[in-house]
Peer 1: 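First, the structure itself, so that you have it in front of you.
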2 protein chains.
Amino acid sequence: MNAAVGERSPLGVPEGVDERWVTSDRIGLQLIRLIRLIERQRVIKAKKDGVERAAYVLLARLVIDGPHRSNALAEAVHSDPSTVSRQIAALVKVGYVERRPDPADGRACLLAATDEGHRVFAANRDLRNRWISDVTSDWDDADRERLVELMDRFTTALENHHESGATGAEEDR
Amino acid sequence: MNAAVGERSPLGVPEGVDERWVTSDRIGLQLIRLIRLIERQRVIKAKKDGVERAAYVLLARLVIDGPHRSNALAEAVHSDPSTVSRQIAALVKVGYVERRPDPADGRACLLAATDEGHRVFAANRDLRNRWISDVTSDWDDADRERLVELMDRFTTALENHHESGATGAEEDR
DNA sequence: ACAATCGATTGCTCGGTACAACTATGCACC
DNA sequence: GGTGCATAGTTGTACCGAGCAATCGATTGT
């Protein structure tokens, strides 16, 4: 019988579940908790921030991965092209991103972070990193490293799973 | 000499950063990636789902932690009372949650999941767990366990940090 | 008994996103 | 070399979720 259940798992766990179920359950609950909390933070921080917060993700992508075209960018961040289009427009307007013609295809344009964009992103990144560093101030670095490693693996697995068409209710069994 | 930088870290990393910065940076990037992806999944799954997805979090809370009053629930999930109020109203309407008078305070009411609510939540939970189990099908259980453990720690740290008033730009230095 | 208080709800607004229809421009095929 | 056509991107519209602020209602406690 599920010895592990009583100790960590909350109520509401049906009997007859195996350990794998329990762990999945805990992952799920942690995910919800984490996301809800981060979302909340975002709202709080949103006030003191000039630029569209959502657009930072795009800026980050451009800084880190280099120029993209708009559609590719959308795919990279799992967003709709229309969403990205508007956000990019905003970023261009404030001068953090510039449109350059794509040599490979005349009707496309490559988006690239400007110097100012780099600067702004770097500042933001630093802020965020300070915050994270702060939150995990009492962690040893091995654990932080492990967290990254596992999150990376998990997200990657998620990406693959979701790309392979299994959007949820599929079962191959 | 940031030996670790060249290997895993993306471009755009300024020189002179220490390893701690890099790890924080990677945590941040992973967080963004993960959240964005999950958000996306939510949209996709939202279609095939009758109930307000956002409300499931509340239902979960009620099932797992037992009855709450509305405001307490809001705080528990880091949401605004108004938001919770509406979501609860919806849950009550479909009969997943019931309002019971709070013996301790006449003007409050305790929210509790009904039997039907339990049932629906259990089904959903199972689905989600199957999905997570699927995504991590090639993980060994120790790693899944570790993921939970680290996420839990991280989220808890976040909660504490955010409760201790440090909402972001504060510095005690 | 009455005022202050506290719990919950409702009005309004906003940010972020998606879907779908549309535009336009270069591509590629004939 | 012209023309249909695919493709890149934009815009129109709608929706969802959330938050703030004001309000309603009722209780409690003086």
Side-chain angles (χ1 to χ4, degrees), chain A residues 32 35-59 67-93 97-111 162 167, chain B residues 32 35-59 67-93 97-112 167:
Chain A
I32 290 173
I35 286 180
R36 186 69 214 114
L37 189 54
I38 298 236
E39 211 99 299
R40 180 66 173 172
Q41 299 270 358
R42 186 187 322 205
V43 172
I44 293 171
K45 290 199 198 171
K47 318 247 144 192
K48 55 182 78 171
D49 214 337
V51 195
E52 337 295 325
R53 10 259 143 245
Y56 269 125
V57 180
L58 301 182
L59 187 54
H68 285 66
R69 39 173 85 171
S70 188
N71 278 351
L73 197 54
E75 193 157 341
V77 300
H78 308 287
S79 263
D80 192 81
S82 65
T83 303
V84 170
S85 175
R86 285 175 230 270
Q87 290 172 344
I88 287 294
L91 285 174
V92 169
K93 181 140 58 174
V97 169
E98 64 178 0
R99 300 175 199 271
R100 316 199 310 121
D102 186 339
D105 189 335
R107 71 214 128 138
C109 56
L110 281 181
L111 305 167
H162 138 248
T167 32
Chain B
I32 290 174
I35 286 180
R36 186 70 213 111
L37 189 54
I38 299 235
E39 211 97 300
R40 179 65 176 174
Q41 299 270 0
R42 183 185 326 203
V43 172
I44 291 172
K45 289 199 198 166
K47 318 246 146 194
K48 57 182 73 169
D49 215 337
V51 196
E52 336 297 325
R53 7 262 140 247
Y56 269 125
V57 180
L58 301 182
L59 187 55
H68 285 67
R69 38 174 85 170
S70 189
N71 277 351
L73 197 54
E75 192 158 341
V77 299
H78 308 288
S79 263
D80 192 81
S82 65
T83 303
V84 170
S85 174
R86 285 174 230 273
Q87 289 171 345
I88 287 294
L91 285 174
V92 169
K93 179 139 61 174
V97 168
E98 64 178 2
R99 301 175 199 269
R100 315 197 312 122
D102 187 339
D105 188 336
R107 68 214 129 140
C109 57
L110 280 180
L111 306 167
T167 33

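Within every chain, numbering begins at 1; the chains are lettered A, B, ... in the order of the sequence lines, protein sequences first and strands thereafter.
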Peer 1: Taking atom C1' of C:dT9 as reference, at what distance in whole Å does atom CZ of B:Arg69 sit?
Peer 2: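 Computing the B:Arg69:CZ to C:dT9:C1' distance gives 16 Å.
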Peer 1: Could you tell me the separation between the CG atom of B:Asp102 and the NE2 atom of B:His68, rounded to the nearest 0.5 Å?
Peer 2: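 One gets 12.0 Å once the value is rounded to the nearest 0.5 Å.
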Peer 1: To the nearest angstrom, how far is A:Ile88 atom CD1 from C:dT17 atom C1'?
Peer 2: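 Spelled out: CD1 on A:Ile88 to C1' on C:dT17 is 15 Å.
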Peer 1: Sequence neighbours excluded and cut-off under 3.5 Å, please list the side-chain donor-acceptor pairs for residues 80-91 of chain B, or say none.
Peer 2:
residue : atom : partner : partner atom : Å
B:Asp80 : OD2  : B:Ser82 : N            : 3.0
B:Asp80 : OD2  : B:Ser82 : OG           : 2.5

Peer 1: Could you tell me the separation between the CG atom of A:Asp105 and the C1' atom of D:dT7, rounded to a whole number of Å?
Peer 2: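 Checked: the CG to C1' distance equals 8 Å.
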Peer 1: When the distance from CD of B:Gln41 to P of D:dC16 is rounded to whole Å, what number comes out?
Peer 2: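 Spelled out: CD on B:Gln41 to P on D:dC16 is 20 Å.
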Peer 1: Kindly state which residues belonging to residues 77-84 of chain B come within less than 4.0 angstrom of DNA chain D, counting heavy atoms of the residue only, listed by number.
Peer 2: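 Within this stretch, B:Ser79, B:Asp80, B:Ser82, B:Thr83 sit under 4.0 Å of the strand.
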Peer 1: Answer yes when A:Glu39 and A:Arg42 have at least one side-chain N-carboxylate O distance shorter than 4.0 Å, and no when they do not.
Peer 2: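 Looking at A:Glu39 and A:Arg42, the cut-off is met.
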Peer 1: Which heavy atom of B:Arg99 sits nearest a heavy atom of B:Leu111, and at what distance?
Peer 2: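 Looks like CG-CD2, 3.8 Å.
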Peer 1: OP1 or OP2 of D:dC16 sitting under 4.0 Å from any side-chain N/O of B:Gln87?
Peer 2: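 No.
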Peer 1: Closest nucleotide of DNA chain C for B:Ala72 versus for B:Arg86: which of these residues is on the 5' side?
Peer 2: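 Counting from the 5' end, the first nearest nucleotide belongs to B:Ala72.
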Peer 1: Could you report the tightest heavy-atom contact between A:Arg69 and A:Asp105, atom names first, then the distance?
Peer 2: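 Scanning both residues completely, I find the closest heavy atoms to be NH2-CB, 3.5 Å.
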Peer 1: Between C:dT17, D:dA18, D:dT11, spot the one nearest the side chain of A:Ser85, thanks.
Peer 2: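 Nearest to the side chain of A:Ser85 among the choices is D:dT11.
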Peer 1: For B:Leu58 and D:dG17, what is the distance between atoms CG and C1' respectively, to the nearest whole Å?
Peer 2: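 Roughly 12 Å, once rounded to whole Å.
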Peer 1: Can you tell me the distance, in whole Å, between the CG atom of B:Asn71 and the P atom of C:dT5?
Peer 2: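 For the pair B:Asn71 CG and C:dT5 P, the rounded distance is 17 Å.
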Peer 1: Within the pair B:Arg107 and D:dG25, is there a side-chain N or O less than 4.0 Å away from OP1 or OP2?
Peer 2: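 The answer is no; no side-chain N or O of B:Arg107 sits under 4.0 Å from OP1 or OP2.
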Peer 1: Just N and O in the side chain of A:Arg40: are any of them under 4.0 Å from OP1 or OP2 of D:dG19?
Peer 2: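 It does, given that an N or O in the side chain of A:Arg40 lies less than 4.0 Å from OP1 or OP2 of D:dG19.
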Peer 1: Send over the distance from B:Ile35 CD1 to C:dT17 P, rounded to a whole Å.
Peer 2: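 Roughly 12 Å, once rounded to whole Å.
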Peer 1: Quick check for you: among D:dA8, C:dT10, D:dT28, whose closest atom lies nearest to any side-chain atom of A:Ala108?
Peer 2: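 In terms of side-chain proximity for A:Ala108, the closest of D:dA8, C:dT10, D:dT28 is D:dA8.
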Peer 1: In whole Å, what is the span from the CD atom of A:Glu39 to the C1' atom of D:dC16?
Peer 2: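 Result: 12 Å.
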Peer 1: Would you indicate, yes or no, if D:dG9 has its OP1 or OP2 atom less than 4.0 angstrom from a side-chain nitrogen or oxygen of A:Arg99?
Peer 2: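 So the side chain of A:Arg99 is outside the cut-off, no N or O lying under 4.0 Å from OP1 or OP2 of D:dG9.
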Peer 1: When you check the side-chain N and O atoms of A:Ser79 and B:Arg36, is any donor under 3.5 Å from an acceptor?
Peer 2: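 Yes, B:Arg36 and A:Ser79 have a side-chain donor paired with an acceptor closer than 3.5 Å.
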